Amino acid sequence: MKTIFVVDDSATNLVAAKNVLADKYKTYTLPSAAKMFLFLEKITPDLILLDVDMPEMDGFEALSILKSNDKFKKIPVIFLTGMNDSESEKRGIQIGAVDFIVKPFSAPELINRIENHTKM
């Protein structure tokens, strides 16, 4: 079973994502990028779903740090965010995100995109 990290400061979003993913993936819900980096010391996920707008460290900064580390740079990251402007999407893709999904997400879309990126 593939492992997914869901990183979001909203408990509601974490629960929604876990409910969608629980049957197909081992899912870890993490309330901040700082928690994600602590988990990465012990577990390497097959994919990370990362919110952009978070306190302390936003998703852009977290992704930049991931991509600068040889151990983590190959982990696919999908931004799962409420931001729906093209500039945010462009910035995320330029930094290294493999996809950009706007919340609220549809369950089939989320599963399909995860499956596509974990097969690559």
Side-chain angles (χ1 to χ4, degrees):
M1 184 176 276
K2 294 191 185 274
T3 301
I4 307 289
F5 283 5
V6 182
V7 185
D8 197 312
D9 61 319
S10 164
T12 302
N13 292 334
L14 291 174
V15 169
K18 183 155 185 133
N19 288 341
V20 169
L21 302 174
D23 290 341
K24 292 185 147 256
Y25 302 100
K26 183 168 187 160
T27 307
Y28 292 89
T29 54
L30 306 163
S32 69
K35 292 274 188 200
M36 175 187 73
F37 286 110
L38 288 174
F39 267 71
L40 282 168
E41 291 176 12
K42 298 174 182 150
I43 300 165
T44 301
D46 295 288
L47 185 135
I48 298 171
L49 295 173
L50 182 61
D51 186 21
V52 173
D53 190 17
M54 295 184 291
E56 297 172 30
M57 182 186 306
D58 70 22
F60 296 127
E61 183 181 355
L63 180 58
S64 294
I65 293 168
L66 281 169
K67 295 303 175 183
S68 70
N69 185 316
D70 286 340
K71 186 176 177 186
F72 307 128
K73 69 181 177 185
K74 292 189 179 189
I75 300 169
V77 176
I78 297 175
F79 276 124
L80 185 60
T81 180
M83 298 174 118
N84 63 357
D85 63 286
S86 60
E87 281 302 310
S88 295
E89 183 173 357
K90 178 181 171 186
R91 181 176 176 201
I93 299 298
Q94 286 175 332
I95 294 170
V98 296
D99 211 338
F100 198 93
I101 301 172
V102 177
K103 294 184 275 191
F105 59 86
S106 77
E109 175 188 23
L110 184 62
I111 294 291
N112 286 335
R113 291 193 189 201
I114 288 171
E115 286 178 355
N116 287 339
H117 291 296
T118 55
K119 286 178 189 173
M120 293 181 182

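Treat the numbers as computed from the prediction; the structure is a model and nothing was measured.
One distance of note links NZ of Lys103 with CG of Asn13; it measures 4.0 Å at 0.5 Å rounding. In this structure, CD1 in Ile4 is found 6.0 Å from CG in Leu49, a value given to the nearest 0.5 Å. Taken from CD1 in Ile65 to CZ in Phe60, the straight-line distance is 14.0 Å, to the nearest 0.5 Å.
Listed here is the closest heavy atom pair of Leu50 and Gly59: CD2-O, 3.5 Å. The two residues Ser64 and Ile95 make their nearest non-hydrogen contact at OG-CG2, 3.5 Å. Closest non-hydrogen pair, Val6 versus Thr27, comes out as CG2-CG2, 3.8 Å. Contact record, Lys71 with Leu40: NZ-O, 4.3 Å, taken as the closest heavy-atom pair. The two residues Thr29 and Leu14 come nearest to each other via the heavy atoms CG2-O, 3.6 Å. Across every non-hydrogen atom of Val98 and Ile93, the tightest pair is C-CD1, 4.3 Å.
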- Message: Quick one, Arg113 with Glu109, criterion salt bridge (charged side-chain N to carboxylate O under 4.0 Å, His left out). Give me CA distance, side-chain angles, the key distance, then yes/no.
- Response: CA-CA 6 Å; Arg113 291 193 189 201; Glu109 175 188 23; 2.8 Å; yes
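Contact annotation: the side chain of Val20 approaches that of Phe105 to within less than 4.5 Å [non-hydrogen atoms, C-beta and beyond]. Side-chain contact check for Tyr25 versus Ile111: some heavy-atom pair is nearer than 4.5 Å. Within the 4.5 Å cutoff, no side-chain heavy atoms of Tyr28 are placed close to those of Val7.
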